[in-house]
Structures are given as structure tokens and as C-alpha cells.
J.: 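Can you read through this structure? Questions will come right after.
Every number for a ligand or one of its atoms is a count from 1 in the order of the listing. Only heavy atoms go into these numbers, but all of them, side chains included; no hydrogens, no water, no symmetry mates.
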Amino acid sequence: MEYQEILAKYADMPGGMIEAFHAIQEELSYLPEEAIVQAAQVFGKPVAQAYGVATFYSMFSVKPRGKNVIRICESAPCHVAGAAEVVAALEKELGISMGSSTADGLFALEFTECVGQCQGTPVITINGKPYVDVSPAKISGILAECK
Ligand code: FES
């Protein structure tokens with residue numbers, strides 16, 4: 001679905017801008033500048049306010065990134081449980097470093113704070129779906145699910 005259609009769908013909904021941004025990001029993996037500008041028009045807000053919404057929440061990205069967004073929890077419990085080894089395994093497997101995306105546009109690597117799954121540290125999420133008790137040995141299998 002094009003971002004214009006998504007904006008039109010949420011135009012009359014209270015709090016629709018955030019919902020529309022979620023839907024656009026689900027479709028495109030990020031919020032393009034032109035979508036943010038158009039959202040301001042659709043919701044009758046200043047462009048600066050639409051940018052404010054798009055950049056305030058850490059789950060939104062205003063930069064293009066890979067389709068499958070892998071987020072690694074870097075809060076203390078996951079850190080202690082070996083998140084750094086999981087990061088190293090992901091970077092090695094994907095050939096990219098944290099904060100970047102693969103050239104084929106399939107994966108992006110980001111850090112996140114606690115995602116509320118501390119019973120299974122270390123934790124990663126892929127497009128919001130949590131994977132618990134992750135170890136370097138499990139990375140290949142987890143990534144294969146996404147391809
Ligand atoms: S500390 Fe990592 S999920 Fe809570």
C-alpha cells in the first residue's frame with residue numbers, strides 16, 4: 001500500500017498520525033520525508049510537529065533501513081546474559097555493523113532498551129517479534145526464518 005493511501009485511511013481517526021506512521025513503517029520499514037510532510041497536511045498540523053512525532057519515538061526511523069529490523073536489547077539483564085556475543089554473531093552473519101542495513105535491503109541492526117522479556121535474556125526482536133534465550137549458535141536459524 002502506498003503511504004498516501006495509508007494516510008487517507010487514518011485521516012479521520014483520533015491520534016491517527018501515530019497509527020498512520022506505524023502502518024507506513026510496517027510497509028516501508030521507515031518514514032520517508034515526503035510521507036511526514038504529507039501527514040502534516042492530512043492531519044492539519046505544522047510540518048515541524050509531524051517531524052517531532054516521527055523523531056520522538058525510538059521505534060520510528062526517518063532513515064531508509066532493511067525490511068527486517070532486528071533489535072538487540074542492550075539493557076543490563078540482557079547485557080549480563082551475553083548480548084554482546086549475540087551482537088557479534090549478528091554482525092558477522094550479516095556482514096554489517098550495528099546501526100546499518102544489508103545491501104540487499106533485507107536486514108537492519110539496531111539496539112533497543114528492555115522489551116519486557118527479561119525472563120529469557122538475551123533477547124532480540126525481529127519486526128517486533130521477540131526471540132528469547134538467543135545465543136550466537138541460534139543466529140543462523142533465526143535469520144533463515146526471515147529469508
Ligand atoms: S533487559 Fe532485555 S528484555 Fe528486559
Side-chain angles (χ1 to χ4, degrees), residues 1-3 5-7 9-10 13-40 42-43 45 47-147:
M1 193 185 292
E2 301 285 331
Y3 72 79
E5 293 172 67
I6 293 171
L7 289 170
K9 185 175 157 194
Y10 290 94
M13 186 181 289
M17 186 185 288
I18 290 179
E19 294 299 321
F21 282 176
H22 275 293
I24 291 169
Q25 187 163 274
E26 208 172 299
E27 199 73 26
L28 305 174
S29 262
Y30 81 110
L31 300 174
E33 183 177 342
E34 48 290 7
I36 297 170
V37 170
Q38 190 165 336
V42 167
F43 293 100
K45 305 286 184 196
V47 172
Q49 192 174 331
Y51 267 106
V53 172
T55 55
F56 178 78
Y57 298 100
S58 65
M59 69 272 196
F60 292 139
S61 174
V62 295
K63 286 193 286 187
R65 59 183 178 170
K67 182 170 169 274
N68 297 295
V69 180
I70 303 172
R71 306 184 93 187
I72 299 98
C73 173
E74 62 174 348
S75 293
C78 281
H79 180 76
V80 169
E85 287 79 14
V86 172
V87 167
L90 280 163
E91 288 182 328
K92 187 174 174 211
E93 186 80 20
L94 294 173
I96 58 172
S97 48
M98 293 302 296
S100 56
S101 296
T102 54
D104 61 6
L106 264 184
F107 295 100
L109 284 180
E110 297 180 353
F111 282 115
T112 184
E113 296 301 321
C114 178
V115 293
Q117 299 288 327
C118 317
Q119 78 284 358
T121 58
V123 178
I124 68 171
T125 64
I126 302 182
N127 300 329
K129 177 184 172 187
Y131 292 78
V132 298
D133 299 317
V134 176
S135 65
K138 292 181 181 173
I139 293 300
S140 295
I142 292 172
L143 293 179
E145 283 179 33
C146 302
K147 287 181 179 165

J.: Only pairs at least two apart or in different chains count here, so list each ring pair (Phe, Tyr, Trp, His ring centres under 6.0 Å) that has a residue in residues 102-147.
T.: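 Matches after skipping sequence neighbours: none remain.
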J.: May I ask you to list the protein N, O or S atoms found at less than 2.8 Å from atom 2 (Fe) of ligand 1?
T.: Cys73 SG, Cys78 SG
J.: When you compare the side chain of Ile70 with that of Ile142, does any pair of heavy atoms fall below 4.5 Å?
T.: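 Contact flag for Ile142/Ile70 side chains = no.
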J.: Once you round to the nearest 0.5 Å, how far does CG of Leu7 lie from CE of Met17?
T.: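 The CG atom of Leu7 sits 8.5 Å away from the CE atom of Met17.
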J.: Could you name each residue pair satisfying salt bridge (Lys or Arg N to Asp or Glu O under 4.0 Å) that touches residues 19-32, not counting sequence neighbours?
T.: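 Qualifying pairs, neighbours excluded: none.
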J.: For residues 102-111, which residue pairs qualify under side chain to side chain donor-acceptor pair (under 3.5 Å), counting only residues two or more places apart or in two chains?
T.: Arg65-Glu110, Arg71-Glu110, Thr102-Asp104
J.: Only one of Thr112, Val134, Val86 passes side-chain contact (heavy atoms from CB on, under 4.5 Å) with Cys73; say which it is.
T.: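 Exactly one pass, corresponding to Thr112.
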